[in-house]
Amino acid sequence: MEIKELTDFIEWEVKRLDEFFEWENEKEIKMAAALKLVEEVGELSVEVLSHQGCQRKAKLEGFDQEAIKKELADVIFVTLILAKRFNVDIEKELKEKMEIIKNRIYKNGN
């Protein structure tokens, strides 16, 4: 999948969410998106803990090995929706961040 396909999907989903929810103002929209991201990261964390066997036995009984994939996708989608809400050109920002990361020097010289 190309990033253009992903950003087009996010555009579509943002419009759909705006039609579904009756937002009071832009501040409310951004707060809701940020809280949704926290929720999704929490769900991902639960799956990571489960995947590593670090949950109570009762929680591990319903563990789905594949759920972590869906939670990772949810985190990415909600992050992109939040970026759209803040008018962030995510492709540009990712490219810039990639250059920063490429130029990092770690203690062992890599």
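Residue numbers run from 1 in the order of the sequence given.
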Practice problem: Following the transitive rule for hydrophobic clusters with a side-chain heavy-atom cut-off under 4.5 Å over Ile, Leu, Val, Met, Phe, Trp and Tyr, establish whether L35 and F77 coincide in one cluster. | Solution: no

Exercise. Can you measure from CD (E47) to CD (E43) and round to the nearest 0.5 angstrom?
Key: 8.5 Å

Quiz item: Roughly how far apart are F86 CZ and I29 CD1, rounded to 0.5 Å?
Solution: 11.0 Å

Quiz item: About how many Å separate CG of L6 and CG of L80, when rounded to the nearest 0.5 Å?
Solution: 5.0 Å

Quiz item: In terms of side-chain geometry, is the basic nitrogen of K36 or E40 positioned less than 4.0 Å from the acidic oxygen of its partner?
Solution: yes

Self-check item: Set of side-chain hydrogen bond (donor to acceptor under 3.5 Å, both in side chains) partners for E13, sequence neighbours left out
Solution: R16

Quiz item: Charged N to carboxylate O under 4.0 angstrom, E91 versus K95?
Solution: yes

Self-check item: Ion pair E96/K92, N-O distance below 4.0 Å
Solution: yes

Quiz item: Picking from I90, I10, D89, what satisfies side-chain contact (heavy atoms from CB on, under 4.5 Å) with K84?
Solution: I10

Practice problem: Working to the nearest 0.5 Å, report the span between NZ of K70 and CG of L72. | Solution: 11.5 Å

Quiz item: With sequence neighbours left out, what residues match K4 under salt bridge (charged side-chain N to carboxylate O under 4.0 Å, His left out)?
Solution: D8

Self-check item: R85 CZ to K30 NZ distance, which is reported to the nearest 0.5 Å
Solution: 9.5 Å

Practice problem: Please identify each residue that fulfils ring-ring contact (aromatic ring centres under 6.0 Å, His included) with F21, with sequence neighbours left out. | Solution: W23

Exercise. State, with a plain yes or no, whether a side-chain heavy atom of L37 is found less than 4.5 Å away from one of I81.
Key: no

Exercise. Determine whether V38 and V78 fall in the same hydrophobic cluster, where Ile, Leu, Val, Met, Phe, Trp and Tyr are linked whenever their side-chain heavy atoms lie under 4.5 Å apart.
Key: no

Quiz item: Are V14 and F20 grouped together when hydrophobic residues (ILVMFWY) are joined by side-chain heavy atoms under 4.5 angstrom apart?
Solution: yes

Quiz item: Can you tell which of L49, V75, D74 makes a side-chain contact (heavy atoms from CB on, under 4.5 Å) with L44?
Solution: V75

